[in-house]
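To start, the structure under review is shown below, and the notes come after it.
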Amino acid sequence: MPSTVPPAESVGPLERGLTVLRALSAPGADDRMRHSDLVRSTGLARSTVDRVVSTLDRLGLARSDGREVTLAPPLMELPGAYLAACGIPAALGPAAERLADEFDESVSVAVPDDGVAGVRFVLQTTRQRTMSLAFRIGDLLPAERCAPGALFAAEWDAESRRTWRERQAADPLDAGFATVPPLARPQDPDAFERRMARAGAEGWACDDQLIEPGLVAVAVPLRDGAGRTVCAVSVVSHTSRHTLDSLRATVLPRLRAVRGELEAALAAPRPAPSGITPVRDTSLETKRELGPGFLQSLARGLAVLGALGADRGEGMALTAVADATGLARATARRSLITLEQMGYVATDGRRWRLLPRVLELGCARLSELGLAEIAQPHLVSLVRRVHESASLAVLDGADIRYVARVPTVRIMSVNITVGTRFPAYATSMGRVLLAGLAAGERPLLPEVLPALTRRTVTAPGELGRIIKRAAADDFALVDEELEEGLRSLAVPVRDGRGRVVAALNVARHAAHGTPEEMRAGLLPALRETAAAIEADLRVLGGAIGVR
Ligand code: PHB
């Protein structure tokens, strides 16, 4: 009789998937990694890496051409789930902006990551730029090298203290922290002991160039109703503007004065998550379609992680997680246990919540992506689909400026590259960008607009009507007004708040057909591409708050 083996409690594919995501997110890693590099850095078999990557690609969390892989913006939903559940960016974002304006210095908020005796940033408002280092949301710092770390360490239990000692012994120069310059010689652990004792006694802490020469910071803790430190607010400056003493004298009284208000904002009841669609489990259908190339339990485990983003501070019961994902309780439970073992979630035995370590899954890297990088892969897909050159441009004064472009054949007399400018009034992208602005916000156009071709519309009244029309149609088509023989069609691209931030276009020879044929043939693809870029902008902007 075969023995009945009890089902393994942890989920292997989920564990391996997270290992790959972590390797792709490592601060030192290149934006693109070869599958073979992943094999090396994770120690997983090539076939495992390939299956993990194809699953992540299928889920839209990474993009792979079979050789190289990069993280994709939708992955931000995972760190975004932690940021939503902890509630800190939403509760403190506006106040942090006000303080940064008031001090004209960067203000940040960090949380403890006790699993590594570290500190992670959850909010950043960067003001001054003379610092060579600016930390990103999700970046991890050793507790002993920053102001918030001393505040958190003041409350460490024996286990956290052991974690710190072991980490220091294993990596005395902080080589494992890619976000801070390594130390020249090991720090004196007693110095940190003294700093944490002082931070505990005085209720504030400082960083006198612990990270790098010139960087100084002052931090105060924010506590919850039970008196536990939840996070720390730091004001960061540079010795070219402040000594540590002058920084403390300027900001500490103010930080202490607003502390109650910040703690009240943190403690305020939070609205139930809105707009979060349950992460329904569709992995079975995908599995049927893709077979062994798709790791269903990885997909399910990541859905569980995302579902915990609906937590509003009390943790979520297993039933709620199972309901939100559509998974059986036993399946959801196995995922939760794996996530717990890997340090991404914690439980009190009844309820589950996300931990700051979730921020290591792509947050810092993805939060840095600019419009051009976000749009580029979508332009590539569009060009593959319609076989015409596609571009993305922004308004710059009365001009449009190209920020991304994927050419096919050259049809313009001038060679367009990123940075090329054209007068907005004579281009399809310019017209949708102008249409996206309220009349009062539009740049003043020159009194006399030159006609660039026989067809260029230059009469202000007629241009006004055309722009109004573009606003109503949500696209613009310009037929040989910029250059003879060139026709172009553009749609707006909006950010998460609905503001038009860019325009997307395709251009073709006028000899190619009628303008109406161009509209009918290309507008749907253009609109779908704009919608895909907008979805990326939404997930990135939504996760880290204001953008
Ligand atoms: C930062 O927000 O960049 C920061 C905060 C506290 C420090 C150092 C840097 O001690």
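Order of appearance sets the numbers: ligands from 1, and atoms from 1 within every ligand. Given the structure is predicted, the values throughout are model-derived calculations rather than measurements.
For atom 7 (C) of ligand 1, the choice among Asp139, Val109, Asp207 with the nearest heavy atom turns out to be Asp207. With Leu215, Val218, Asp208 as candidates, the residue nearest to atom 9 (C) of ligand 1 on a non-hydrogen basis is Leu215.
Side chain of Glu263 to backbone of Gly260: no donor-acceptor contact under 3.5 angstrom is found.
Heavy atoms of Ser234 found under 4.0 angstrom from ligand 1 belong exclusively to the side chain. Residue contacts with ligand 1, taken as heavy atom pairs separated by less than 4.0 Å, do not involve Ala134 at all. Within the 4.0 Å heavy-atom criterion, neither part of Leu210 lies near ligand 1. Of all the heavy atoms of Gln124, the ones lying under 4.0 Å from any atom of ligand 1 belong exclusively to the side chain. At a 4.0 Å heavy-atom cut-off, ligand 1 touches Ala217 through the side chain alone. Counting heavy atoms closer than 4.0 Å to ligand 1, residue Leu141 contributes nothing at all.
Judged by distance alone, the side chains of Glu155 and Thr229 do bring a donor and an acceptor atom under 3.5 Å apart. If you check the side chains of Glu105 and Ser237, you find a donor sitting under 3.5 Å from an acceptor. The closest side-chain donor-acceptor pair between Asp157 and Ser160 falls under 3.5 angstrom. A donor atom on one side chain and an acceptor atom on the other are not found under 3.5 Å apart for Gln341 and Glu15.
Distances below 4.0 Å separate heavy atoms of Pro148 from the following atoms of ligand 1: 6 (C), 10 (O).
On a distance-only criterion, Arg145 and ligand 1 share no N/O pair closer than 3.5 Å. Between Phe135 and ligand 1, not a single N/O pair is under 3.5 Å apart.
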side-chain contact (heavy atoms from CB on, under 4.5 Å) evaluation trace for Phe177 with Leu141: CA-CA 7 Å; Phe177 289 87; Leu141 265 53; 5.7 Å; no

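Using cut-offs of 30° and 60° for the angle between ring planes, the Trp164 and Phe192 rings count as perpendicular.
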